[in-house]
Amino acid sequence: MSEDSATTFQGAVLDELGDDKVQEIAGLLGTDEAGAREVVGTTASALSGEAAVAENVETPQEAPLQGVATLGGFATGGLMAGVLAKAARPVANAVAKKTGLPPATVARVVEMLVPVVLTVLTKRAAKKK
């Protein structure tokens with residue numbers, strides 16, 4: 001994913017999440033809204049990157065959309081949900097290491113973000129068709 005598309009993706013995840021959930025995440029993390037947004041952005045990028053790697057997608061800019069397209073979308077209970085769920089623990093550990101936050105706390109945030117990331121990827125895939 002290019003830096004611009006990663007930033008756009010992070011913004012879409014934050015928009016989908018909404019201010020209330022960002023505040024909830026800030027409370028979980030013991031930080032302010034800006035800190036929560038940074039963790040959400042880092043986690044969303046890591047989750048979308050993990051999904052792309054899991055699907056062996058070669059074109060980084062198209063990684064999330066290609067992954068969705070090859071798995072038949074999420075509405076059918078596609079495999080992407082499983083891929084992201086499986087990537088959740090390694091992503092949580094990587095984000096915890098990067099931020100210095102407790103891994104268990106970050107894992108709770110990642111669990112909250114997986115459905116949001118799936119929603120954003122699904123919406124992006126639908127627009128591509």
Side-chain angles (χ1 to χ4, degrees):
M1 194 178 286
S2 73
E3 190 173 325
D4 288 341
S5 63
T7 302
T8 303
F9 181 75
Q10 292 169 7
V13 170
L14 285 164
D15 288 346
E16 188 69 35
L17 197 58
D19 291 338
D20 290 343
K21 286 292 184 185
V22 171
Q23 289 296 331
E24 183 179 339
I25 290 169
L28 280 172
L29 298 174
T31 189
D32 60 6
E33 184 178 336
R37 288 179 176 279
E38 185 176 331
V39 171
V40 168
T42 301
T43 303
S45 291
L47 282 170
S48 63
E50 287 290 327
V53 169
E55 291 307 307
N56 296 318
V57 177
E58 293 182 21
T59 308
Q61 233 172 338
E62 299 180 39
L65 298 178
Q66 288 289 353
V68 171
T70 60
L71 294 173
F74 303 118
T76 60
L79 298 175
M80 187 60 84
V83 169
L84 287 177
K86 188 174 182 178
R89 173 126 349 248
V91 166
N93 289 336
V95 171
K97 186 174 181 178
K98 181 177 180 177
T99 61
L101 294 166
T105 303
V106 176
R108 289 177 55 198
V109 172
V110 170
E111 288 172 9
M112 291 174 66
L113 291 177
V114 167
V116 177
V117 168
L118 287 169
T119 299
V120 171
L121 291 173
T122 301
K123 287 179 178 181
R124 287 181 162 208
K127 288 180 184 178
K128 275 289 223 193
K129 290 183 179 185

Could you report the tightest heavy-atom contact between [X] and [Y], atom names first, then the distance?
X	Y	result
A44	V13	CB-CG2, 3.9 Å
V114	A88	CG2-CB, 4.4 Å
L29	A36	CD1-CA, 4.2 Å

Salt bridge (charged side-chain N to carboxylate O under 4.0 Å, His left out): which pairs involve residues 23-46, sequence neighbours left out? D19-R37, K21-E24, E33-R37
Does the pair T8 and R124 meet the rule for a side chain to side chain contact (heavy atoms under 4.5 Å, CB included), with working shown? CA-CA 11 Å; T8 303; R124 287 181 162 208; 3.3 Å; yes
Does the side chain of I25 reach to within under 4.5 Å of the side chain of L17, using non-hydrogen atoms? yes
Considering only distance and modelled atom types, tabulate donor-acceptor pairs under 3.5 Å from the side chains of residues 95-113, sequence neighbours left out.
from : atom 1 : to   : atom 2 : distance (Å)
T99  : OG1    : V95  : O      : 2.8
T99  : OG1    : L101 : N      : 3.3

Give, for atom [atom1] of [X] and atom [atom2] of [Y], the distance between the pair rounded to the nearest 0.5 Å.
X	Y	atom1	atom2	value
L47	F9	CG	CZ	8.0 Å
L28	Q23	CG	CD	11.5 Å
D15	K123	CG	NZ	9.5 Å

